[in-house]
Amino acid sequence: MVTLEPGLYTGTIRHRRFTPREHSFTYSLFMALIDIDRIGPQMSVSRLTAMNGFSLAAFHDSDHIGDPSRPLRERVQASAEQAGHTCPEGPIYLLTHLRYAGYVFNPISLYYCCDADGHVKRVLADVRNTYGGRRSYWLTPFDDSHKRFRAFTDKTLYVSPFMTLDAKYEFILTPPAQSLVAHMNVDSLQTGDRIFDATLTLERRAWTAANVRRTLLAYPLMTAKVIGGIHLEALRLRLKGLSEVPAVNGRH
């Protein structure tokens, strides 16, 4: 059994596009792993973090799924029920970006929902695009391996304006232990060919005041870097001759 604990996860995100033009990039980043039942105590460890207030890094209930007046666990359970699933009764850990200097954008947040023994049984992938769109993908494992979590789901939200909805996701995730890998393949529903993949490769640091300070110094204004990278890579794709697919907006 892997013992999960809140932490700071630092590493890289790599994107690779295979068609109609090859394109790839790798950026360094960090993300926070939050125990959703202990958010307040976790944010109080450092003077540089806060909950529902302004700080260099802050967790805000309104940045995450559901009614922010309700506890996050209740919101996750309600989302599971709406999708026809049962949420395990064990701990739930959220891998996400915090607000940095009041600014946040989460392309994807992952909720690792565990049973009483600490095994990840379901994962909620909360995906957003830059047009205001959002989808909650509830993932059920394809097999019962505790070493990795593999699941499939149809793509139902435009994320990149250069990629159609006619695709399927394959998620391959490891539990957030001392290291963490979150890999996603995107395959065409028409041809079965691989269109794109993304790999998040991270290493854990304990959630201490000293590590929070070091990480925020090493990765200043993380959200600005994420947004800047999105627009820079979009420009590079346009320069390679890619055209945007039609009807890309927050309603999709």
Can you see whether [X] engages [Y] through a side-chain donor-acceptor pair at a distance of less than 3.5 angstrom?
| X | Y | result |
| --- | --- | --- |
| R204 | T10 | no |
| E233 | Y27 | yes |
| D67 | S69 | yes |
| S24 | R14 | no |
| T140 | K121 | no |
| Q42 | D35 | no |
| T96 | N106 | yes |

Using 0.5 Å steps for rounding, measure from the [atom1] atom of [X] to the [atom2] atom of [Y].
| X | Y | atom1 | atom2 | value |
| --- | --- | --- | --- | --- |
| L110 | L180 | CG | CG | 8.0 Å |
| L139 | H85 | CG | NE2 | 8.5 Å |
| T215 | L8 | OG1 | CG | 4.5 Å |
| I230 | L235 | CD1 | CG | 14.0 Å |
| L202 | S179 | CG | OG | 9.0 Å |
| T130 | F105 | OG1 | CZ | 6.0 Å |

Would you say the side chain of [Y] lies within less than 4.5 Å of the side chain of [X], judging by non-hydrogen atoms?
| X | Y | result |
| --- | --- | --- |
| L4 | P91 | no |
| T49 | V212 | yes |
| P175 | Y93 | no |
| L242 | R17 | yes |
| R21 | L237 | no |
| L216 | Y100 | yes |
| L173 | V181 | no |
| D197 | F18 | yes |

Sequence neighbours excluded, every pair satisfying ring pair (Phe, Tyr, Trp, His ring centres under 6.0 Å) that has a member inside residues 31-71: F59-H64
How would you list all residue pairs meeting ring pair (Phe, Tyr, Trp, His ring centres under 6.0 Å) that involve residues 174-199, not counting sequence neighbours? H15-F196
Nearest non-hydrogen partners of [X] and [Y], listed with the distance:
| X | Y | value |
| --- | --- | --- |
| P176 | Y9 | O-OH, 2.9 Å |
| T164 | Y158 | CA-CE2, 3.9 Å |
| R70 | R75 | O-NE, 3.0 Å |
| A209 | S46 | CA-CB, 4.1 Å |
| A32 | W207 | CB-CZ3, 3.8 Å |
| I34 | M43 | CD1-CE, 3.6 Å |

Quick test of your reading of the model: are D126 and R135 salt-bridged, counting only N-O distances below 4.0 Å?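 Not counted as a salt bridge, because no side-chain N and carboxylate O are separated by less than 4.0 Å.
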If we ignore hydrogens and angles and just use 3.5 Å, is the side chain of R122 paired with the main-chain N or O of T86 as donor and acceptor? yes
Apply side-chain contact (heavy atoms from CB on, under 4.5 Å) to residues N129 and L157 and explain how you reach the verdict. CA-CA 8 Å; N129 63 27; L157 175 73; 3.5 Å; yes
Can you check whether Y169 and Y137 have ring centres sitting under 6.0 Å from each other?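 Centroid separation for Y169 and Y137: below 6.0 Å.
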Give the cluster check for [X] versus [Y]: same hydrophobic cluster or not, with ILVMFWY residues linked at side-chain heavy-atom distances below 4.5 Å.
| X | Y | result |
| --- | --- | --- |
| V186 | L189 | no |
| M184 | M163 | yes |
| I108 | F25 | yes |

Taking everything shown except K168 itself, do over 12 heavy atoms lie less than 6.0 Å from its NZ? no
Check side chain to side chain contact (heavy atoms under 4.5 Å, CB included) between [X] and all other residues, then give those that pass, not counting sequence neighbours.
| X | result |
| --- | --- |
| A234 | F162, R238 |
| R73 | I36, D37, Q77, I92 |
| E170 | R150, F152, I172, N185, R194 |

Residues that Y219 engages under ring-ring contact (aromatic ring centres under 6.0 Å, His included), provided they are two or more places apart: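 Testing Y219 for ring-ring contact (aromatic ring centres under 6.0 Å, His included), a comparison that skips the adjacent residues, returns F30.
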